[in-house]
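This report concerns only the one structure given below.
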Amino acid sequence: MRQISAATARRIALAAQGFAGRLPASAPTRRTVLGVVDKTQLLQIDSVSAVVRAHYAPVFSRIGECDRTLLDDAVWSHSARKPRQFVEYWAHEAALLPVEDWPLMRWRMREFEFGRWSHARRVNERNPGLVDDVLAAVTEVGPAGAGAIEKYLERGNNGPKRSSWWDLSDTKIVCEQLFASGELSVDKRVAFTRQYDLTERVIPAHVRERHVDEADAIRELVTRSARALGIATEPDLRDYYRLKRIQTEPAIADLVDSGVLEPVTVSGWDKPAYLHTEARAPRKISGSALLCPFDPLIFCRPRTEQIFGFHFRIEIYTPEPKRVHGYYVFPFLLDGELVGRVDLRAERGTGRLLVPAAFTEDGHRTDRVASELADALRRMAKWLELDEIVIGERGDLAAMLAAKF
């Protein structure tokens with residue numbers, strides 16, 4: 001079995017994720033944006049907007065300043081000339097994935113017939129006609145948020161009131177159940193709120209009518225994981241689409257037998273690895289990027305630690321006094337290594353990019369890291385149309401970074 005060095009494995013992983021190319025010479029185009037997702041296979045969605053919505057950030061990290069409407073149009077707009085390219089579904093959590101991949105998730109939709117959580121069953125028992133009512137309402141009114149659907153049905157929340165920002169009305173729960181089961185899809189988002197519509201009006205007929213057996217679908221998803229990761233362990237391949245080990249192990253065996261994956265060992269890795277046979281191993285990775293916490297390169301935290309020696313945990317839900325690095329922290333990639341991290345906040349009302357804290361990894365507290373990070377922050381501020389960058393005092397790199405502005 002071939003042995004690969006940890007450094008080579010790291011370069012393979014970065015190249016697979018789109019970090020081995022040059023930035024576009026001119027403003028990125030729709031094709032350039034689509035090329036990013038061709039590499040990553042999906043983009044995770046998250047509601048946090050402390051800096052920028054999570055699905056935009058990986059595009060910026062790979063191709064630089066780009067018009068966010070290019071991605072919006074590929075996801076939320078549809079016309080005969082420019083058909084919808086991506087659709088939303090539960091892949092790696094909530095995610096955007098190519099429309100053509102929608103049939104690969106049908107097995108999951110069957111599992112989610114009654115929603116992702118048990119409370120959907122309770123709602124169905126409490127309001128047995130609500131599913132049909134919601135479908136009838138959407139059929140009548142077209143794309144709509146749960147609030148608008150609820151008003152249309154003239155229903156309130158019949159469930160117990162919990163006085164929490166996690167509260168969901170029965171109508172919202174049913175909308176989410178129908179989305180998870182594939183009967184509704186997301187036509188667009190308005191103020192980041194899902195606008196549900198009948199799947200037959202969102203997904204093209206030729207895609208909806210394509211039926212893929214579960215085993216074949218899992219094998220295709222593992223193939224996509226392997227292509228996006230380049231080199232990976234079984235848990236890595238499993239995590240990308242939130243699969244189960246009982247699903248991935250037979251798929252991996254099939255892909256090894258068919259020559260798509262090559263079993264290898266990686267120096268320092270504690271598990272067997274699989275190399276996609278089309279993966280590239282560039283001799284060098286150069287350049288810098290700020291990585292959103294939900295970037296596909298790093299959203300599998302054990303893999304991030306295995307490849308980069310970088311321990312990363314998101315601290316949004318950690319009480320402020322107990323946070324180590326900050327509320328919304330972006331790791332900093334420089335020449336193929338994660339050399340530091342910054343807590344970031346976009347204060348749009350004042351036009352400022354706030355950097356409350358800046359930290360380096362061991363051995364990387366250098367003037368060059370500070371300079372490269374300053375340049376990356378300037379690029380981000382320009383992209384977000386923010387006029388000023390304000391460096392805070394927390395972190396071992398803060399003073400050196402502040403001196404660059």
Side-chain angles (χ1 to χ4, degrees), residues 6-7 9-19 39-48 50-55 57-58 61-62 90-97 221-222 224-245 247-248 252 266-274 285 289-320 322-334 336-344 357-362 364 395:
R10 185 168 60 248
R11 294 195 301 273
I12 291 170
L14 285 161
Q17 281 281 309
F19 287 102
K39 290 282 190 182
T40 65
Q41 302 293 318
L42 55 79
L43 294 173
Q44 187 173 344
I45 302 172
D46 192 79
S47 60
V48 177
V51 180
V52 66
R53 298 290 185 189
H55 54 293
S61 297
R62 288 156 178 77
W90 297 105
H92 183 93
E93 300 301 325
L96 302 175
L97 64 161
L221 292 173
V222 173
R224 282 156 172 70
S225 300
R227 188 178 294 118
L229 297 173
I231 188 168
T233 63
E234 183 275 328
D236 297 340
L237 295 169
R238 185 198 324 160
D239 177 79
Y240 211 74
Y241 287 94
R242 293 290 200 251
L243 303 174
K244 299 173 184 175
R245 183 173 180 176
Q247 295 173 308
T248 54
I252 290 170
V266 178
S267 303
W269 288 23
D270 59 359
K271 291 182 176 64
Y274 300 91
I285 299 286
L290 287 163
L291 303 175
C292 165
F294 303 106
D295 191 292
L297 179 68
I298 58 170
F299 60 30
C300 182
R301 310 306 187 206
R303 176 177 169 84
T304 301
E305 195 155 358
Q306 181 81 81
I307 292 180
F308 296 100
F310 189 89
H311 180 79
F312 182 48
R313 298 293 183 272
I314 193 164
E315 299 180 90
I316 291 173
Y317 306 113
T318 302
E320 186 172 359
K322 295 184 179 180
R323 289 176 192 149
V324 177
H325 296 109
Y327 175 77
Y328 203 61
V329 174
F330 280 56
F332 181 50
L333 178 71
L334 179 63
E337 296 184 75
L338 293 178
V339 300
R341 60 190 93 196
V342 284
D343 187 19
L344 296 179
F359 303 85
T360 54
E361 295 299 286
D362 290 345
H364 291 289

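Bear in mind the structure is a predicted one, so any value in this text is a computation, not a measurement.
The ring-ring contact (aromatic ring centres under 6.0 Å, His included) test applied to His325 returns Phe359, not counting sequence neighbours. For Pro235, the side chain to side chain contact (heavy atoms under 4.5 Å, CB included) criterion is met by Thr233, Arg238, Lys271, not counting sequence neighbours. Take Tyr240 and apply the ring-ring contact (aromatic ring centres under 6.0 Å, His included) test, not counting sequence neighbours, and it matches Phe299.
Of the possible polar contacts, none joining the Arg10 side chain to the Glu337 backbone as a donor-acceptor pair under 3.5 Å is found. Side-chain atoms of Arg303 come within 3.5 Å of backbone atoms of Leu229 as a donor-acceptor pair (strictly under, hydrogens ignored). Ser61 places a side-chain N or O within donor-acceptor distance of the main-chain N or O of Leu290, the cut-off being under 3.5 Å. Distance alone, capped at 3.5 Å, is enough to place a donor-acceptor pair between the Arg323 side chain and the Glu315 backbone.
Note that CG of Leu97 and CG of Leu221 are 9.0 Å apart. Values are rounded to the nearest 0.5 Å. Between atom CD of residue Glu93 and atom CG of residue Leu42 there is a gap of 11.0 Å, rounded to the nearest 0.5 Å. Rounding to the nearest 0.5 angstrom, the gap separating the OG1 atom in Thr40 from the CG atom in Asp295 is 8.5 Å. Going from atom NE2 of His311 over to atom CD of Glu361 covers 10.5 Å, rounded to the nearest 0.5 Å. Between the CG atom of Leu333 and the CZ atom of Phe308 there is a distance of 6.0 Å, given to the nearest 0.5 Å. Atom CG in Leu243 sits 9.5 Å away from atom CD in Glu234 (nearest 0.5 Å).
In terms of heavy-atom proximity, Arg301 sits nearest to Ile314 at NH2-CB, 4.1 Å. The nearest pair of heavy atoms linking Ala358 to Val342 is CB-CG1, 3.7 Å. The minimum heavy-atom distance between Asp270 and Gln306, with the atom names listed, is OD1-OE1, 3.2 Å. When every heavy atom of Leu237 is checked against every heavy atom of Ser225, the shortest pair comes out as O-OG, 3.4 Å. Scanning all heavy atoms of the two residues, the minimum distance from Gln17 to Pro296 falls at OE1-CB, 3.4 Å. Summarising the geometry of Pro293 relative to Val329, their closest heavy-atom pair is CG-O, 3.2 Å, with the distance given to 0.1 Å.
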Next item on the list: Given side chain to side chain contact (heavy atoms under 4.5 Å, CB included), test Phe19 with Leu291 step by step and report yes or no.
Entry: CA-CA 11 Å; Phe19 287 102; Leu291 303 175; 3.7 Å; yes
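At a threshold of 4.5 Å between non-hydrogen side-chain atoms, the residues Leu297 and Arg62 count as touching. By the 4.5 Å heavy-atom criterion applied to side chains, Asp236 and Tyr274 are not counted as neighbours. Between Pro58 and Phe294, the closest side-chain pair of non-hydrogen atoms is not below 4.5 Å.
Ring geometry for Tyr328 against Phe330 counts as perpendicular: the plane angle is over 60°, on a 0 to 90° scale with 30° as the lower cut.
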